[in-house]
Student: 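Pasting a structure here, questions to come.
These numbers come from the heavy atoms of this one structure, side chains and all, not from hydrogens, waters or symmetry mates. A, B, ... follow the sequence lines: proteins, then strands. Residue 1 opens every chain.
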Amino acid sequence: MPELPEVETVKRGLEGSIVNKKIEKIYLSGLSLRFPLPDNFTSMAINKKILSVSRRAKYLLIGLSGNLTIISHLGMSGSYRVLSSSESKNYTPAKHDHLIFDLSDFKVVYNDPRRFGYMVITTKSPEDHKLLASLGPEPMSNSFNEEVLAKSFLGKDRPIKNALLDQTIVSGLGNIYVCEALFRSKINPKKKVKRLVYANGSPKDSLILLKNKINQIIRDSIALGGSSLKDFSSAEGKMGYFQNTFRVYGREGENCISENCNEKIKRLIQSGRSTFYCPKCQK
DNA sequence: ATCCCCACCTGGCCGC
DNA sequence: TGCGGCCAGGTGGGGA
C-alpha cells in the first residue's frame, strides 16, 4: 500500500499520540509477518517509553528508551490505528490484527492482511541497520538532486521506471508516484537512464525536470494526506486525497488528460509491475 | 558488481 | 452463488 507520502502520513498521526507513552503490554496474533517477529521483540520493547516517531524512506522508526528503535515496514497492506480510550476498553482482536501495543491509556493496533510488512527492534543506530544502510537519498532532502541522479544514470542501460523504483537510487518512491512523476515530466517509462545524462556526466534538462516533478508530487501528496486506495488511511483513520490527482495511474484505456492529446493511457508490464503512461506525451 | 525475477500472502473484482 | 483467474501501493534474497 504505502509509499513515502502514506508512511509520512502514518508517522505524523502516530507521533501526535504515542510519544511519551509507555508500552505496557504487547499482544501478538502469532501469525508470522513477512519475517517472523524476532524472539526478543516483546521482551525488549516492554516497559519502554516511546521517545520519537520518524520515517526513513518507507520505514517507520519508533525510538524507545534504552537506545532501542523499532523499525517497521508496512509492506503492501500494513496499517496502524490508534484507538480511542473507549475503543481500547472494548477492543477484541479483529482479523489481521497482528500486534497490539497497550499504552495504558489506549491501544495501538498494527493490522496487515497480506502480511508483507515486518518489524524488527535494534540497539544500533537505525541508519546502520542492514535494512536501511543501502537506501538512497530521501526525495525531499538536499542530497537528492540532479547531479546525484546523473551520476547513478551515467552509461546505464536500465529503463527509467525500474531505476526510480530502485530504493538505492532514490528512496521512498513506489509504483504510483513513479508513474505519475514520469507522466508529469513527459518521459517515457522505457527510456534508458543514460539518455537523460550528457556524455560528460551532467544532467539533461529532462532529468532536472524529473527531479523537480518528483519533489512536487511527494510534497503535494503529503499535503493531501497521501493516497487512499483500497483501505489506506492514517493512524487516526483519515483518508488521503492525492488519488484524486492521479493522471495516469489506474487509468488504462482512458483518455490522456493533456490538452490536444487524444491518446488513450496504456498499461505495460516492467519488471513484473504495471506501468501506466501516455505513449504520445511521454517520449 | 548489477540487474531481474520470484516468492511471500489475502482479498476484491470480473467473467463464466 | 460459486469458482477460477487476475490484479494489487513492496522488497529481500537468490540466481543470471
Student: For A:Phe35, answer base if it contacts any base atom (sugar-phosphate contacts may also be present), sugar-phosphate if it contacts only those atoms, and nothing otherwise; contact means non-hydrogen atoms under 4.0 Å.
Tutor: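 Sugar-phosphate contact only.
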Student: Taking the same atom, P, in C:dG12 and in B:dG11, what whole-Å distance lies between them?
Tutor: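 These two P atoms come out 24 Å apart once rounded.
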Student: Would you indicate what A:Gly272 reaches in the nucleic acid, counting non-hydrogen atoms under 4.0 angstrom: base, sugar-phosphate, or nothing?
Tutor: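 Contact class for A:Gly272: none.
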Student: Looking only at side-chain atoms of A:Met76, point me to the closest of C:dG10, C:dG12, B:dC3.
Tutor: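 The listed nucleotide nearest to A:Met76's side chain is C:dG10.
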Student: Are any of the side-chain nitrogens in A:Arg158 or A:Asp166 under 4.0 Å away from the carboxylate oxygens of its partner?
Tutor: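 Result for this pair is yes, salt bridge flagged.
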Student: So, is A:Ser274 close to the C:dA8 phosphate, meaning a side-chain N or O under 4.0 Å from OP1 or OP2?
Tutor: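 For A:Ser274, the contact criterion (side-chain N or O under 4.0 Å from OP1 or OP2 of C:dA8) is met.
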Student: Please tell me which of the listed nucleotides, C:dG9, B:dG11, C:dG10, lies nearest to the side chain of A:His96?
Tutor: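 Between C:dG9, B:dG11, C:dG10, the one nearest the side chain of A:His96 would be B:dG11.
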Student: The test is side-chain hydrogen bond (donor to acceptor under 3.5 Å, both in side chains); show your working for A:Asn255 and A:Lys264 and say whether it passes.
Tutor: CA-CA 4 Å; A:Asn255 292 326; A:Lys264 304 280 189 210; 2.8 Å; yes
Student: Could you check how far NE2 of A:His73 sits from P of B:dC8, rounded to whole Å?
Tutor: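 Those two atoms, NE2 and P, are 19 Å apart.
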Student: A:Cys179 and A:Ser274: which non-hydrogen atoms are nearest, and at how many Å?
Tutor: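 Heavy atoms of A:Cys179 and A:Ser274 come nearest at SG-O, 4.2 Å.
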Student: Rounded to the Å, how far apart are A:Asp157 CG and B:dT2 P?
Tutor: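 Interatomic distance, CG of A:Asp157 to P of B:dT2: 14 Å.
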Student: Roughly how many Å is it from NZ in A:Lys192 to C1' in B:dC3, rounded to a whole number?
Tutor: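 Going from NZ in A:Lys192 over to C1' in B:dC3 covers 13 Å.
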Student: Need one value for A:Asp166: base, sugar-phosphate or nothing, where a base atom within 4.0 Å counts as base even if backbone is also close, heavy atoms only.
Tutor: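 Nothing, no nucleic acid heavy atom in range.
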Student: Looking across every strand, which nucleic acid part, if any, lies under 4.0 Å from A:Phe242 by heavy atom: base, sugar-phosphate, or nothing?
Tutor: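 Result for A:Phe242 = nothing.
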Student: Got a donor-acceptor pair under 3.5 Å from the side chain of A:Arg34 to the base of C:dT11?
Tutor: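 Such a pair exists between side chain and base.
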Student: Using a cut-off of less than 4.0 Å, is there contact between a side-chain N or O of A:Asn162 and OP1 or OP2 of B:dC3?
Tutor: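 No, outside the criterion.
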Student: Picking from B:dC3, B:dC5, C:dT11, which would you name as closest to the side chain of A:Tyr118?
Tutor: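 Of the options given, the side chain of A:Tyr118 lies nearest C:dT11.
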Student: Of the listed nucleotides (C:dA8, C:dG13, C:dT11), which one gets closest to any side-chain atom of A:Lys130?
Tutor: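 Within the option list, the nearest is C:dG13.
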Student: Using a cut-off of less than 4.0 Å, is there contact between a side-chain N or O of A:Tyr249 and OP1 or OP2 of C:dG9?
Tutor: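 Answer is yes, contact under 4.0 Å.
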Student: Should we say atom NZ of A:Lys186 is surrounded by more than 12 heavy atoms from elsewhere, each under 6.0 Å from it?
Tutor: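 Not more than 12 within 6.0 Å, no.
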Student: Give the rounded distance in Å between these two atoms: CG of A:Leu135 and P of C:dG10.
Tutor: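 After rounding, the gap between these two atoms is 14 Å.
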Student: With hydrogens left out and only the distance checked, is there a donor-acceptor pair under 3.5 Å joining A:Arg114's side chain and the base of B:dC9?
Tutor: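 Indeed there is one.
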Student: Select one nucleotide: of B:dT10, C:dG12, C:dG9, the one nearest the side-chain heavy atoms of A:Leu131.
Tutor: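 Nucleotide nearest to A:Leu131's side chain: C:dG12.
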Student: Expressed in angstrom and rounded to an integer, what is the separation of A:Leu164 atom CG from C:dG10 atom C1'?
Tutor: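 So the CG-C1' distance, A:Leu164 to C:dG10, works out to 16 Å.
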Student: Taking only side-chain N and O atoms of A:Lys58, does any of them lie within less than 4.0 angstrom of OP1 or OP2 on C:dT11?
Tutor: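 Affirmative; the distance criterion is met.
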Student: Which base sits across from C:dG9 as a Watson-Crick or G-U pair, both distances under 3.5 Å?
Tutor: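 None - no nucleotide pairs with C:dG9, as no candidate has both distances under 3.5 Å.
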Student: Within the stacking criterion (centroid distance below 5.5 Å, interplanar angle below 30°), does A:Phe116 stack on C:dT11?
Tutor: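 Stacking between A:Phe116 and C:dT11: absent.
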Student: Rounded to the nearest Å, what distance is computed from the CD atom of residue A:Gln167 to the C1' atom of nucleotide C:dG12?
Tutor: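 From A:Gln167 CD to C:dG12 C1': 12 Å.
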Student: Of the options C:dG9, C:dA8, B:dT10, whose atoms approach the side-chain atoms of A:Arg115 most closely?
Tutor: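 It is B:dT10.
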Student: Can you confirm whether more than 12 heavy atoms, excluding those of A:Asp157, are under 6.0 Å from its CG atom?
Tutor: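 Counting neighbours around CG of A:Asp157, more than 12 heavy atoms of other residues, nucleotides or ligands fall under 6.0 Å, so yes.
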Student: A:Asn111 has an atom CG; how far is it from atom P of B:dT10, in whole Å?
Tutor: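 A:Asn111 atom CG is separated from B:dT10 atom P by 13 Å.
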Student: Using the ring-ring contact (aromatic ring centres under 6.0 Å, His included) definition, which of the options A:Tyr177, A:Phe242, A:Phe183, A:Phe276 pairs with A:Tyr249?
Tutor: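 In the set A:Tyr177, A:Phe242, A:Phe183, A:Phe276, the residue that makes a ring-ring contact (aromatic ring centres under 6.0 Å, His included) with A:Tyr249 is A:Phe276.
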Student: Does the ring-ring contact (aromatic ring centres under 6.0 Å, His included) test come out yes or no for A:His98 and A:Tyr110, once each step is laid out?
Tutor: CA-CA 6 Å; A:His98 298 300; A:Tyr110 177 74; 7.1 Å; no
Student: Between A:Asn175 (CG) and C:dG10 (P), how many Å, whole number?
Tutor: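 The answer, rounded to whole Å, is 6 Å.
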